[in-house]
Amino acid sequence: MRWSTLFIPTLRDTPGDAEAVSHQLLVRAGYIRQLHAGHYSLLPLGLRSHTKVANIVRQEMDAIGAQEFVHPAMHPASLWQQSGRWETMGQEMFRLVDRKGADLALGMTHEEVFTLLSKELGSYKQLPQMWYQVQTKFRDEPRPKAGLLRVREFDMKDSYSFDIDDAGLDLSFQKHHDAYVRIFARLGLPAFPVVASSGAMGGGSSLEFMVPSPAGEDDVAMCPNCDYRANVERATSALPDVAPKDGPDELERFATPGIVTIAALAKFEGGAGAIHQIKTLVMVLDGTVTLVCLRGDHQLNLQKLQDATGAIDIRPAEEAETVAALGAKPGSLGAVNVSHLRVIADEALRGRYHMTTGANEDGWHWRGVSVDRDLHVAQWTDLREVTKGEPCINCGAKLDIAKCIEVGHIFKLGTKYSDALGASVLDADGVLKPLIMGCYGIGIGRNLAAVIESHHDEKGMVLPVTIAPYEAVITVVKVDDAESMRIAESLYDELRSEGIDVLLDDRDERPGVKFADAELVGIPFRITLGPKGLANGMAEFTPRETRQSADVAVGEVGRYTIELVHEGRRLGR
RNA sequence: CGGGUUGUGGCUCAGCUUGGUAGAGCGCUGCGUUCGGGACGCAGAGGUCGGGAGUUCAAAUCUCCCCAACCCGACCA
């Protein structure tokens with residue numbers, strides 16, 4: 001294509017409302033424009049890259065034997081009611097009513113739809129099956145942000161596996177895992193898998209693929225020494241044993257006027273250090289007031305609480321609810337001898353004694369608390385959030401916490417959806433068995449953004465050949481020089497005939513403008529044709545990544561470019 | 001949904017405190033000069049000042065209501 005005829009609205013200034021680098025560059029380079037919050041138009045360049053990302057995903061899915069579908073984006077409510085997610089998805093699902101008054105939903109994922117179709121499977125002999133689509137999802141995100149990283153309407157590759165047994169699921173899961181590794185390699189993304197919470201998808205284990213980036217929304221605990229990596233929603237660490245504090249063995253109430261924080265109690269005469277305190281949080285789980293206990297210096301991870309309890313709606317109690325439940329305000333709360341409320345406690349409190357906690361009367365605390373003796377713990381679980389510097393659970397090295405972008409997520413679902421929708425097949429013994437399912441997602445636009453987050457410099461995007469909208473650009477320095485244009489056209493034809501996505505920058509602009517634009521939009525290779533070089537039979541070849549120009553003979557620059565493009569296309573293969 | 005910020009031409013912003021003819025840079029159009037890293041001169045086009053109501057002789061500016069976007073938190077590919 002000729003640049004002079006394309007719509008590539010590059011911007012010299014960074015748009016004021018863009019914070020993330022990928023967002024700034026996508027807008028500046030003329031890849032996207034916002035329609036409203038969380039909804040973006042893909043412009044020609046953006047669409048080309050987006051399509052290339054999707055096609056890489058398709059190729060790797062096809063390579064593991066998956067089959068492509070396209071399902072409707074709009075679904076009947078009844079389907080979601082069958083799985084129970086009409087209720088559990090809550091506010092995040094876009095819902096509408098048609099002229100007949102029927103409830104409809106815009107699909108935020110397609111477990112139900114694929115599972116419905118899987119009912120046409122009748123025999124174990126037809127398994128395994130792996131089905132996928134690249135389709136638009138709608139999610140009423142509470143807060144769209146960072147350009148393409150978090151939006152309300154986006155294309156996702158979602159795939160689903162159907163197996164007769166767990167061993168089959170393990171294999172399908174592993175195939176997806178390996179396919180994802182290849183996909184991210186071809187995108188040039190430094191992605192790695194971490195154990196994750198499965199959230200609203202339900203089911204068993206799940207792995208997230210993460211790419212470190214300051215624009216990321218997930219915190220991942222990473223061991224610098226071994227390969228331990230986990231989302232903080234799941235991460236644990238090895239905690240050193242805490243020697244019990246000196247103090248009474250029996251419960252002893254003491255006055256703590258005005259002391260309403262852990263920190264204040266730690267400094268208070270007769271108080272206790274944070275690690276000797278029990279922090280008592282009053283939470284409302286699906287409408288039920290519940291006490292959550294942690295060590296004083298530990299933070300609750302809400303996702304862990306949600307995973308441990310299965311609650312859908314979790315919020316801190318209002319002060320009035322707290323007073324009604326315990327008779328005291330936050331700052332003097334404790335679970336000692338509380339039996340009318342469910343008490344959930346973090347593992348780090350197990351067996352602890354000589355502890356200090358609130359006495360459920362404003363201005364009073366207990367010391368001499370023995371967790372086993374004085375707290376009626378209904379559920380022990382891991383609730384605390386791992387923090388930087390804690391010892392790795394595997395090797396003891398100090399953990400780092402890194403911000404990451406979640407670029408893919410693979411789940412073992414089990415039979416949640418096949419049970420709900422009655423999808424089953426006969427096994428070899430003629431017994432009806434529910435399909436064992438897995439589901440696997442990759443957001444296309446988010447991956448594009450993630451690539452930009454990890455491949456850019458001060459001049460703009462530095463896209464890998466695999467997904468750059470154009471692989472090479474021929475920049476004509478002086479378009480009114482007949483010889484320059486003749487050579488450019490000839491080179492352009494040569495590259496096109498070899499299947500290279502090549503752009504001919506034939507705009508009557510100053511060279512600086514053309515160089516800057518080519519760098520901003522991130523085209524991997526630039527061939528510059530100017531009268532001076534051509535007089536010596538030379539073209540100039542500039543890889544975007546290094547920006548180091550080299551002279552190449554005009555007669556050879558086409559071949560040279562083709563070879564480098566081919567090499568670039570092989571990235572990760 | 002809670003907290004914060006911002007809405008002025010295609011983009012970046014000034015003007016608002018102290019009400020009085022709507023501005024700059026970039027971009028765009030024309031002409032000329034220039035021509036290998038975002039040129040220069042001259043002449044132009046382009047704005048319901050987010051929307052509505054109110055106060056006032058007079059509102060971008062003051063008041064109220066609404067809307068939208070962005071950022072920080074709770075959610076996810």
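Below, chains carry the letters A, B, ... as their sequence lines are ordered, and counting in each starts from 1.
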Rounding to an integer number of Å, can you tell me how far [X] [atom1] sits from [N] [atom2]?
X: A:E111; N: B:C76; atom1: CD; atom2: C1'; answer: 13 Å
X: A:L35; N: B:A68; atom1: CG; atom2: C1'; answer: 12 Å
X: A:W3; N: B:G38; atom1: CH2; atom2: C1'; answer: 13 Å
X: A:M210; N: B:A77; atom1: CE; atom2: C1'; answer: 11 Å
X: A:I8; N: B:C28; atom1: CD1; atom2: C1'; answer: 18 Å
X: A:K403; N: B:C72; atom1: NZ; atom2: P; answer: 10 Å
X: A:L11; N: B:C13; atom1: CG; atom2: P; answer: 12 Å
X: A:E92; N: B:A74; atom1: CD; atom2: C1'; answer: 12 Å

Parallel, tilted or perpendicular, as decided by the 30° and 60° cut-offs, for the rings of A:F94 and A:F138
perpendicular
(Q) Would you say that A:L534 contacts A:S484 through its side chain, given a criterion of any heavy-atom pair below 4.5 Å between the two side chains? (A) yes
Rounded distance in Å between the [atom1] positions of [N] and [M]:
N: B:G38; M: B:C28; atom1: C1'; result: 16 Å
N: B:C65; M: B:G9; atom1: C1'; result: 28 Å
N: B:G25; M: B:C72; atom1: P; result: 34 Å
N: B:G51; M: B:G41; atom1: P; result: 35 Å
N: B:A60; M: B:G20; atom1: C1'; result: 13 Å
N: B:C40; M: B:C66; atom1: C1'; result: 48 Å
N: B:C11; M: B:G3; atom1: C1'; result: 30 Å
N: B:G37; M: B:U61; atom1: C1'; result: 43 Å

Is there a side-chain contact between [X] and the phosphate of [N], meaning an N or O under 4.0 Å from OP1 or OP2?
X: A:Q34; N: B:C70; result: yes
X: A:R510; N: B:C35; result: no
X: A:R12; N: B:U12; result: no

Applying a 4.0 Å non-hydrogen cut-off, can you work out what [X] is touching in the nucleic acid: base, sugar-phosphate, or nothing?
X: A:G512; value: sugar-phosphate
X: A:V479; value: nothing
X: A:P15; value: sugar-phosphate
X: A:L302; value: sugar-phosphate
X: A:G530; value: base
X: A:A146; value: sugar-phosphate
X: A:D155; value: nothing
X: A:A37; value: sugar-phosphate
X: A:Q135; value: nothing
X: A:R152; value: nothing
X: A:T14; value: sugar-phosphate
X: A:R526; value: base
X: A:K145; value: sugar-phosphate
X: A:D218; value: base

Regarding [X] and [Y], do their side chains bring together a donor and an acceptor under 3.5 Å, going by distance alone?
X: A:S161; Y: A:H176; result: no
X: A:T10; Y: A:D517; result: yes
X: A:D178; Y: A:Q174; result: yes
X: A:Q133; Y: A:H110; result: yes

Which nucleotide, in any strand shown, forms a Watson-Crick or G-U wobble pair with [N], with both distances under 3.5 Å?
N: B:C75; answer: none
N: B:U17; answer: none
N: B:C42; answer: B:G30
N: B:U48; answer: none
N: B:C35; answer: none
N: B:G7; answer: B:C67
N: B:G54; answer: B:C62

Ring pair (Phe, Tyr, Trp, His ring centres under 6.0 Å) with A:Y180: of A:F173, A:F209, A:Y440, A:F192, only one passes, and it is A:F209
Would you say the ring centers of A:F114 and A:F69 fall short of 6.0 Å from each other?
yes
RNA chain B nearest-nucleotide lookup for A:R547 and A:L149: closer to the 5′ end is A:R547
By nearest-nucleotide position on RNA chain B, the 5'-leaning member of A:T10 and A:P142 is A:T10
Regarding [N], can its base be found pairing with the side chain of [X] as donor and acceptor, where the two atoms are less than 3.5 Å apart?
X: A:E519; N: B:G37; result: yes
X: A:D13; N: B:G27; result: no
X: A:E509; N: B:G38; result: no

Check: Would A:F515 count as stacked on B:G38 if the rule is ring centres under 5.5 Å and plane angle under 30°?
Finding: no
Would you say A:D508 has more than 12 foreign heavy atoms packed within less than 6.0 Å of its CG?
no
Of the candidate nucleotides [options], which contains the atom at the shortest distance from the side chain of [X]?
X: A:D517; options: B:G38, B:C72, B:C11; result: B:G38
X: A:R446; options: B:C11, B:G36, B:A77; result: B:A77
X: A:K459; options: B:G73, B:C76, B:G37; result: B:G37
X: A:A516; options: B:G38, B:C70, B:A77; result: B:G38

### Full working for salt bridge (Lys or Arg N to Asp or Glu O under 4.0 Å) between A:E489 and A:R2
CA-CA 10 Å; A:E489 295 281 2; A:R2 288 155 200 276; 2.8 Å; yes
